[in-house]
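When a ligand or atom number is given, it counts from 1 through the structure's own listing order.
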Amino acid sequence: MDNTIAGKVINGRRLVLLPLPLQGHLSPMLQLANILHSTGFSITILHTLFNSPNPSNYLHFTFLPIPGTCEVNFSDIDKDKVVSLLFYINSKFLDPVRECLVRLMSEDDGVACLITDAQWFGTQSVADGLKLPRIVHRTSSISSFLLFAKSPALLDTGCFRQGIDEERKSETLVQGLEPLKVKDLPKFLTSEPEGVCKVLELMAKATKRAQALIWNTFKELEERDLEVLSQDFPNPHFLIGPFHKYFPASSSSLLTPDETSLSWLDKHPPNSVIYVSFGSLVKIEESRFLEIAWGLANSKQPFLWVVRPGSIEGSGWLEPLPDEFLEIIVEGRGYIVKWAPQQDVLAHRATGCFWTHNGWNSTLESICEGVPMICSPSFGDQLPNARYVSDVWKIGVELEHGFEREEIESAINRVLVDEEGLEFRNRINNIKGKVDICLKRGGSSYSSLEDLVDFILSF
Ligand code: UDX
């Protein structure tokens, strides 16, 4: 795409970016860094020593590790530890972050502004203390952020109590955020809804105080949600996504992608394969893992399945799979990898359907390649993302009963085989067309990026 911001004198002014050390957050922040670098800013990435990005993939950036951040090991983080991680880094790591910023500000280059993940909420006070402008990058969709921001109030009204069965299944609409339902409310720690709500509250409050917000989405997808958001968050909003489409497939993966996924896909006809991946954090019980396997087997459709080692509770990798299932792999109808080059897989002509957990990156990557989805959200923003995919954009189906082989088989047929699948494909291709336009000169994301550059230069 044409992403030259013409006529701006930026002269390598320095931006400091602080990502959250989780794959789904690290990737968009590094993509954002690349985008801003391409407009002429110089980039310093301030990062923790656990889940640290690989500097050799980004020789044009300066990397600065936050001292003392190797003392904890959150590298095997899963969804149940996310809330503890957020409290931890937003208390223990604020002093070292401040020290790094003071040092950078005292250097000749100075710092034009700090851009942090929204979940680094504690850094707003640090930035205020240093009189340093802070811009927030929220890595989720706008619609899910709206729901997140509303969750603490819902807790107060007794509407959101984690782990109670009737509420987990409640079809009641969330007032003002229809078609989101009570069952779409963010879920993190089943035993501790107050902790989740506290994190969300702190994030929302600190975000409100930030100079601006940067979103990895585009106006045509979330215009209505942006209007609602602007009422409560009157900060400037820059919608400059989808980030990953600015440059060829990113190199921010913390795991090594198995490139044989692509040669396996080469052997299949267009739109015939179901790609299955539940992102970097989701863990699945063995019984559900087996339902997934039999749902795939019974569908009779070819599948490429990402099974992260350690993502099946109580197993190292594929041990629970019975021999009858493994025969399907040997025969070539299925292929299992530990980690895939996902963006290339989705762009491959053979990929006809993405069975996803609906992390925002995965959802956006699927939209950008026009691949309809089967949704199995697990926690956090994945639930509202799935609701939008099935009920608002109508580009996929959600498995309403979790992982049951009959429902899985039927969903695969709906998306890959039935007439309905064509409708999903037409709708998602229509949105994909809008992505291509919004990134071109004069398009909404292109113009918003120009505005963002002007905004930063005004500091
Ligand atoms: C987490 C949360 O789960 C998600 O809800 C939130 O929106 C962001 O943080 P994660 O679970 O990892 O992220 O999901 P997602 O946002 O989809 O990000 C996963 C990334 O890993 C994607 O960019 C995807 O392309 C990449 N990926 C995934 C691979 O490169 N290979 C794989 O095999 C699987």
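The distance from ligand 1 to the heavy atoms of Gly359 drops below 4.0 Å at these ligand atoms: 4 (C), 5 (O), 7 (O), 14 (O), 15 (P), 16 (O), 17 (O). Interface atoms of ligand 1 facing Ala340, defined by a heavy-atom separation under 4.0 Å, are 29 (C), 30 (O), 31 (N), 32 (C), 33 (O). Of all atoms in ligand 1, numbered sequentially from 1 with element shown, those under 4.0 Å from a heavy atom of Trp360 are 7 (O), 16 (O). Applying the 4.0 Å criterion to heavy atoms of Tyr275 picks out, from ligand 1, the atoms 32 (C), 33 (O).
Side chain to side chain, Asn361 and His244 fail the donor-acceptor criterion of an N or O pair below 3.5 Å. If you check the side chains of His348 and Asp266, you find a donor sitting under 3.5 Å from an acceptor.
Closest heavy-atom contact between Pro341 and Pro257: N-CB, 3.5 Å. When all heavy atoms of Cys438 and Phe218 are compared, the closest pair comes out as SG-CB, 3.8 Å. What you find for Gly295 and Ile412 is that their closest heavy atoms are O-CD1, 4.1 Å.
Given atom 12 (O) of ligand 1, the protein heavy atom at minimum distance is Ser280 OG, 2.4 Å. Looking only at protein heavy atoms, the nearest one to atom 13 (O) of ligand 1 is Gly24 CA, 3.5 Å. Residue, atom and distance of the protein heavy atom nearest to atom 7 (O) of ligand 1 are Asp381 OD2, 2.5 Å. The protein heavy atom nearest to atom 26 (C) of ligand 1 is Trp339 CZ2, 3.9 Å. At the top of the distance list for atom 16 (O) of ligand 1, counting protein heavy atoms only, stands Asn361 ND2, 2.8 Å. Ranking protein heavy atoms by distance to atom 11 (O) of ligand 1, first place goes to His357 NE2, 2.9 Å.
Under the 30°/60° scheme for interplanar angles, the aromatic rings of Phe325 and Trp305 are found to stand perpendicular.
The aromatic ring centroids of Phe303 and Tyr275 lie 6.0 Å or more from each other. In this structure, Phe145 has its ring center under 6.0 Å from that of Phe233.
Residue contact annotation: Lys338 has no non-hydrogen atom under 4.0 Å from ligand 1. Ligand 1 has Val306 within reach: a non-hydrogen atom of the residue lies less than 4.0 Å from it. For Ser277, the closest heavy-atom approach to ligand 1 falls below 4.0 Å.
Ranked by closest heavy atom to atom 24 (C) of ligand 1, the top entry among Gln31, His25, Gln342 is Gln342.
Judged by distance alone, the side chain of Asp232 and the main-chain N or O of Val228 form no donor-acceptor pair under 3.5 Å. For Arg308 (side chain) and Trp317 (main-chain N/O), no donor-acceptor pair under 3.5 Å exists by modelled atom type.
In terms of polar-atom proximity, Glu365 is counted as a contact of ligand 1, with an N or O under 3.5 Å from an N or O of the ligand. Backbone and side-chain nitrogen or oxygen atoms of Gln382 are examined, and one is located within less than 3.5 angstrom of a nitrogen or oxygen of ligand 1. Residue-to-ligand polar distances keep Asn385 apart from ligand 1: every N/O pair is separated by 3.5 Å or more. Considering both main-chain and side-chain atoms, Ser253 never comes within under 3.5 Å of ligand 1 through any nitrogen or oxygen pair. Inclusion of Ser362 in the set of residues having an N or O under 3.5 Å from an N or O of ligand 1 is warranted. Polar contact check, Gln343 against ligand 1: no nitrogen or oxygen pair lies under 3.5 Å apart. For Asn358, no nitrogen or oxygen atom sits less than 3.5 Å from a nitrogen or oxygen atom of ligand 1, counting backbone and side chain alike.
Salt-bridge check for Arg387 with Glu178: failed, with every basic side-chain N at 4.0 Å or more from each acidic carboxylate O. Between Lys283 and Glu313 there is no salt bridge, since no side-chain nitrogen of the basic residue lies less than 4.0 Å from a carboxylate oxygen of the acidic one.
Contact annotation for Phe243 and ligand 1: no heavy atom of the residue comes within less than 4.0 Å of the ligand.
Between Phe238 and Leu449 the shortest side-chain heavy-atom distance does not fall below 4.5 Å.
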